[in-house]
Protein chains: 2
Amino acid sequence: MINKKEVLNHFLVVLFNQILNIEEKALKKGPFKVLTLSELHVIEAIGEENPLPMSAVASRLDVTVGTLTIAINSLVKKGYVNRERSIEDKRVVLISLTPLGVEANHHHARFHEEMIAYTVNILEEGEMDVLIKSLSKITTYFETKYDK
Amino acid sequence: MINKKEVLNHFLVVLFNQILNIEEKALKKGPFKVLTLSELHVIEAIGEENPLPMSAVASRLDVTVGTLTIAINSLVKKGYVNRERSIEDKRVVLISLTPLGVEANHHHARFHEEMIAYTVNILEEGEMDVLIKSLSKITTYFETKYDK
DNA sequence: ACCATATACTTTGATGTTCAAAGTAATCGG
DNA sequence: CCGATTACTTTGAACATCAAAGTATATGGT
């Protein structure tokens with residue numbers, strides 16, 4: 001009993017570190033190495049839908065707007081992000097991806113897909129379903145218990 | 001098929017962010033809030049066994065020794081870590097936890113245990129085993145595929 | 001219409017993390 | 001015993017992050 005818990009804990013911790021590590025290394029070897037990992041996550045949060053206000057992106061990322069401002073400064077300079085004032089409300093700054101930003105986002109999405117595809121390959125039919133169900137239960141639990 | 005992959009990806013990403021978040025918040029509310037999350041991970045890596053050389057701890061954490069030096073400076077000042085020169089080889093610096101450091105480590109371990117215990121509670125009998133097996137497969141795969 | 005207040009964002013100053021490269025001290029091999 | 005290696009520390013630089021102060025715009029109440 002206790003042992004299973006330790007084992008589960010161990011694998012979660014290891015998996016955690018591995019994912020961060022792999023993502024970092026993949027980024028620094030790929031065609032978008034000018035980006036940092038957190039800039040890539042900003043790009044992901046902006047997404048390819050409508051332009052979003054700073055505050056919306058910051059909230060998706062769970063960082064302060066001040067922190068986001070700095071990241072956006074850099075991403076605009078690098079050509080990955082458009083920044084424009086809203087016409088209806090001139091206080092609002094709308095953020096969207098440039099074509100280059102969209103490319104970077106696709107590239108990153110492809111990396112995630114690959115990682116997941118490998119994962120799916122090495123699991124058996126039923127295992128996949130149980131894994132999804134378990135992860136779903138866990139995330140839901142954490143959400144209600146700890147989030148916000 | 002494709003949908004399952006997306007779902008799995010989604011839950012992994014969410015779980016990932018949740019864990020970091022929860023850990024951070026739990027730390028800043030607890031009795032060891034003077035510590036940063038990465039300092040806590042240094043403490044965890046030092047462990048409660050024998051004193052370890054800097055290089056051993058750095059390798060556990062996968063950071064450079066220079067980075068570790070800075071963290072240890074701070075942890076020594078805060079009273080969580082002992083730093084002593086080895087007698088056999090005076091180049092070597094041996095790191096160990098003070099009683100306070102051990103306390104912090106236990107506190108952190110308890111937090112992990114709780115998180116895992118909740119997870120176990122909400123899973124059914126067989127799900128737990130499949131989850132462990134799946135995570136084990138995934139981490140092993142990542143290890144051989146990506147880890148150097 | 002006006003002003004106080006609230007909102008959306010940027011700037012600033014501070015802390016923390018991390019690395020690579022240069023520096024220091026001790027050991028080891030021939 | 002000297003040159004090379006090893007173990008660590010220091011330094012300089014980039015980045016991430018926050019809280020608080022600052023700027024510009026909008027809104028609600030009178």
Side-chain angles (χ1 to χ4, degrees), chain A residues 17 20-21 23-25 27-29 32-46 50-78 80-96, chain B residues 17 20-21 23-25 27-29 32-46 51-78 80-96 148:
Chain A
N17 291 327
L20 251 189
N21 230 280
E23 214 169 2
E24 179 78 43
K25 280 179 189 161
L27 173 60
K28 286 309 172 193
K29 273 182 197 158
F32 295 100
K33 40 172 156 282
V34 293
L35 298 174
T36 66
L37 199 48
S38 58
E39 283 175 341
L40 198 56
H41 289 147
V42 172
I43 286 174
E44 200 180 2
I46 295 169
N50 305 314
L52 291 174
M54 290 291 290
S55 44
V57 177
S59 134
R60 283 188 181 187
L61 289 165
D62 210 17
V63 297
T64 64
V65 183
T67 296
L68 183 62
T69 294
I70 291 166
I72 296 294
N73 287 347
S74 160
L75 285 170
V76 168
K77 194 177 298 174
K78 289 177 182 172
Y80 288 81
V81 162
N82 297 311
R83 167 193 253 156
E84 45 175 342
R85 288 223 161 254
S86 160
I87 307 173
E88 304 104 55
D89 185 337
K90 289 185 205 154
R91 292 169 306 176
V92 172
V93 169
L94 293 172
I95 300 300
S96 56
Chain B
N17 291 328
L20 251 189
N21 230 278
E23 214 169 1
E24 179 80 43
K25 279 178 189 160
L27 174 60
K28 286 307 171 195
K29 272 181 198 158
F32 294 101
K33 41 173 156 284
V34 293
L35 297 174
T36 66
L37 199 48
S38 57
E39 282 174 343
L40 198 55
H41 288 146
V42 171
I43 286 174
E44 200 180 2
I46 294 169
L52 291 174
M54 290 291 290
S55 45
V57 178
S59 134
R60 284 188 181 186
L61 290 166
D62 209 16
V63 296
T64 63
V65 183
T67 296
L68 183 62
T69 293
I70 291 167
I72 295 293
N73 287 346
S74 160
L75 285 170
V76 167
K77 194 177 300 175
K78 290 177 182 172
Y80 288 81
V81 161
N82 297 312
R83 167 194 252 156
E84 45 175 342
R85 291 225 158 252
S86 160
I87 307 172
E88 303 105 55
D89 184 339
K90 289 183 204 153
R91 292 169 306 178
V92 171
V93 169
L94 293 172
I95 300 300
S96 56
K148 103 73 118 354

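Because the structure is a prediction, the values reported are computed rather than measured. As a basis for the values below, the full set of heavy atoms in this structure was taken, side chains included, without hydrogen atoms, waters or symmetry mates. Each chain gets a letter, A, B and so on, in the order the sequences are listed, and its residues count up from 1.
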Reckon B:T36 touches a base, only the sugar-phosphate, or nothing at all at heavy-atom distances under 4.0 Å?
-> sugar-phosphate

Quick one: list whatever passes side-chain contact (heavy atoms from CB on, under 4.5 Å) with [X], sequence neighbours left out.
X: A:A45; value: A:V57, A:R60, A:L61
X: A:K78; value: A:L35, A:E39, A:S74, A:Y80
X: A:P51; value: A:E84, A:L94, A:S96
X: B:I70; value: none

Between which nucleotides of DNA chain C, read 5' to 3', does contact with chain B run, using atoms under 4.0 Å from its heavy atoms?
-> C:dG16 to C:dT27

Tell me which residues in residues 38-46 of chain A put a heavy atom below 4.0 Å from DNA chain D, sorted by number, or none.
->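 Correct list: A:S38.
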
May I ask you to list the residues of residues 85-95 of chain B, by number, that have any heavy atom positioned under 4.0 Å from an atom of DNA chain D?
->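 Heavy-atom contacts with DNA chain D come from B:R91, B:V92, B:V93.
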
Which residues pass the side-chain hydrogen bond (donor to acceptor under 3.5 Å, both in side chains) test with [X], sequence neighbours left out?
X: A:T69; answer: none
X: A:N17; answer: none
X: B:S86; answer: none

Please list, chain by chain and in numerical order, all residues satisfying salt bridge (charged side-chain N to carboxylate O under 4.0 Å, His left out) with B:D89, sequence neighbours excluded.
->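 For B:D89 the salt bridge (charged side-chain N to carboxylate O under 4.0 Å, His left out) partners, ignoring immediate neighbours, are B:R91.
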
Would you mind reporting whether A:L37 and A:L20 have side-chain heavy atoms less than 4.5 Å apart?
-> yes

Distance check needed: [N] [atom2] versus [X] [atom1], whole Å only.
X: A:I72; N: D:dC15; atom1: CD1; atom2: P; result: 15 Å
X: B:N21; N: D:dC18; atom1: CG; atom2: P; result: 10 Å
X: B:K28; N: D:dA19; atom1: NZ; atom2: P; result: 12 Å

Want to settle it: does A:T64 or B:L68 sit nearer the 5' end of DNA chain D, counting the closest nucleotide to each?
->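 It is B:L68 whose nearest nucleotide is closer to the 5' end.
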
Minimum-distance pair of heavy atoms, taken over all atoms of A:A58 and A:L68 = N-CD2, 3.6 Å

Are more than 12 heavy atoms from other residues, nucleotides or ligands located less than 6.0 Å from atom NZ of B:K28?
-> yes

Of B:L37 and A:S55, whose nearest nucleotide on DNA chain C comes first from the 5' end?
->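 Of the two residues, A:S55 wins.
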
